[in-house]
Trainee: 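Structure in C-alpha cells, see below.
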Amino acid sequence: MTSVGLPSFANDRLDEFIQKAKDFAFTHGLVRPIKDDVINKSVVTHNSFMLAPSPIPRHLFEKLKEAQLDFNKLMYLVSQDYDFICNVLKSVVKYDEFTRNLLKIYHKVHQKETKDRGTLDIIRCDYMLDSNEQKFKQIEINTIAVGMAAGAARMPLLHRYTLRLAGMYKEANQVPDNPSLEGIATSLVRAWEVYGQPNASVLLVTEPADLARINHRHIEFSIHEINPRIPFMKMSLGDIGMRADLTDDQQLRIDGCEIAVVYYRTGYKPEFYKTKVEWKGRLLAEQSCAIKCPSIGGHLAGTKTVQQAISEPGVIEKYIDDPEAVVRIRNTFCRLYSLNPGPKGDHAADLGIENPEMFVLKPNREGGGNNLFGKDIKEKLIELKGSPERATFILMERVEPVKINGYSVKPLEPVTLREMTYELGIYGATICNSNGIIHSLQIGHLLRTKPADENEASLSAGTAVNDSPFLVS
Ligand code: ADP
Ligand code: MG
C-alpha cells in the first residue's frame, strides 16, 4: 500500500508542505518538551509525525472498535480474579523481583476490609495489520499509564490540513475524528463523580522529571474544561510516600486533601521505584478507598504472562458468556506460548530456537525496549535451557505487518520517503461501582508508524511517529 496522497506530495512543493505541517503542529499543541530543558521548562519542539495519513481498511477499523467493549469487560473481570492472577504469576515471581513486589501489594489489598469506592480502567489494545492474513492481530493490552492520547486526538486535524494542501479536499473526510483525549478526561471526571466527594481531588501520579508534562497538561486542562471545580493535583510516587496518610476509614489524604481518583502515569517499570519510599506511596494509594486507574489487579492483568494465559483454551469463556463476543476477542489473538517448566514450555522454547525470526520473546516489562528479536531469542532460550527462570518470558508469534511508503517528519532530520509499518491502538474506559459496570466506552485510537526495519514502535524512544488512519473501502 502507498501512503495517501503521495503523487500530490512528491512534487516541488514538498519542502513548503513540510514546513507548513510543522507550523500547524506548533499552532495546535502537537509539541513536546526538550529533554535538556528540565529547569526552565520553556523550550518545546513539535511531535514527530507522518506527513500524510496511512490507509486502513474501514471495515477492519470498525471491527476493532466494536471489539473494544468486549475487551473492556474481559480485562475488568480478569483484574478482579485474584486466584487466576496469583496462580498465573506464581512461576514468574520467583525470579522477577519487580512483579513479586507488585503481587505483594495485591495480596495486601485483597485482605483489606474497606472496599474501594469504585474502579476505573483506561486501557489500550494495540494491533498490527498482518500482511499474510490481512487482519489485525493483537500485540498487547496496556492497562497502566496508557499515553499519547493528546497527540493522537490532534493528528486528524493535521492530516486533513496536509491532504487539503495537496488538493485532496474530498479525501480529507476519510480521516476519522479521534475522541481519545476527551474520552480520557471524561472518564476521569465520571470516576471522580462516582467517588462522590466534591472537595476531593484527582491526583495524576507522574515521574519527578515529568518529561510527558505537556501530555499530562492536555488531560488536566481538558478536565478543567469539563468541570473547573474539580481540584487537580500532580505528584510523584515518592511524594505520595512522604506526604500521604490514610484516615481510619481508609481515605487517602495528601497535605490534608482527600484524594478521589489516583491516575497513574508512572509506576510500570522497576526504575520508577528508586527507593522504598516510592513503594510505600504505591501501597498507601492501593490500600486506600480512592478509585485507582488502574487498581493493582488491573496493572497485573496487563502483564505479558497474564496475556498469554488469557489466550489458553477456555479462559475467555470463563469471563464472557456471549459466544459471539468470545469469537470477536479470540479472532484478534496471535499464537502465544508459555515457557513454564515442563514439556509444553520445552517444546515452545525449541520452536523459538529453531525459527527465531518467526517469534518475539517478551519479558514481563512495559514501556518498550524490553523484547528480544531474531538471533537474540535463540541465544536467550539456549541460555535459559533447563532453568525455571525461563518462565519470566513468553514467546509470541511475530506479526509481519503490511508495509506502506510515507514521509516521516522529525525535528532537525531530513525528510525522506521510506518504507514504514504501523501499529493501531484502540482506547477503552470502564468504570464500575458496587452494582458492576456502569460506564464502558471505546474512546478513540492511536496510530504509530515506524520504519519497516525497526523492531519496536516507540514514540518516546523516537522510533515511531504520530500518524492517523485514512479509511479506505
Ligand atoms: P511494551 O509493553 O514494551 O510496549 P509490546 O508488546 O507492545 O511491549 O512490544 C513493543 C513493540 O514490539 C511493539 O510496539 C511492536 O512494535 C513490537 N512487537 C511486539 N510484539 C510483536 C509481535 N508479535 N510481532 C511484531 N512486532 C511485535
Ligand atoms: Mg506496547
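Only heavy atoms go into these numbers, but all of them, side chains included; no hydrogens, no water, no symmetry mates. For ligands, and for the atoms within them, numbers begin at 1 and follow the listed sequence.
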Trainee: Got an N/O contact under 3.5 Å between Val360 and ligand 1?
Mentor: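 No; every N/O pair is 3.5 Å or more apart.
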
Trainee: With a 4.0 Å cut-off on N to O distance, would you call Glu97 and Arg100 a salt bridge?
Mentor: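 So Glu97 does not pair with Arg100 through a salt bridge.
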
Trainee: Just to be sure I'm reading this right: ignoring hydrogens, which of Asn455, Asn371, Ile144, Thr421 gets closest to atom 9 (O) of ligand 1? Compare them by their nearest heavy atoms.
Mentor: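 Nearest heavy atom to atom 9 (O) of ligand 1 lies in Asn371.
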
Trainee: Indicate yes or no: does an N/O atom of Arg398 lie under 3.5 Å from an N/O atom of ligand 1?
Mentor: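 In this structure, Arg398 places no N or O atom under 3.5 Å from an N or O of ligand 1.
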
Trainee: I want to know if ligand 1 touches Asn370 in the polar sense, i.e. an N/O pair below 3.5 angstrom.
Mentor: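 N/O-N/O distance under 3.5 Å: no.
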
Trainee: Would you say Asp126 has any N or O atom under 3.5 Å from an N or O of ligand 1, going by distance alone?
Mentor: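 For ligand 1, there is no N or O atom that lies under 3.5 Å from one belonging to Asp126.
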
Trainee: Just distances here: any N/O of Arg448 and N/O of ligand 1 closer than 3.5 Å?
Mentor: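 Between Arg448 and ligand 1 (N or O atoms, distance only) the closest approach is not under 3.5 Å.
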
Trainee: I'd like to know if the Mg ion (ligand 2) has an N/O/S atom from Asp126 within less than 2.8 Å of it, counting both backbone and side-chain atoms.
Mentor: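 Looking at Asp126, which is the residue asked about, there is no N, O or S atom under 2.8 Å from the Mg ion (ligand 2).
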
Trainee: Enumerate the atoms of ligand 1 whose separation from the nearest heavy atom of Val399 is less than 4.0 angstrom.
Mentor: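 Here the atoms of ligand 1 in question are 22 (C), 23 (N), 24 (N), 25 (C).
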
Trainee: Would you mind listing which atoms of ligand 1 come within a distance below 4.0 Å of any non-hydrogen atom of Met128?
Mentor: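 Taking each heavy atom of Met128 in turn, ligand 1 has 15 (C), 16 (O), 25 (C), 26 (N) under 4.0 Å.
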
Trainee: Gly368 to ligand 1: N or O pair under 3.5 Å?
Mentor: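 Yes, at least one N or O pair falls under 3.5 Å.
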
Trainee: Please determine if Glu366 has a nitrogen or oxygen closer than 3.5 Å to a nitrogen or oxygen of ligand 1.
Mentor: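 By distance alone, the answer is yes.
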
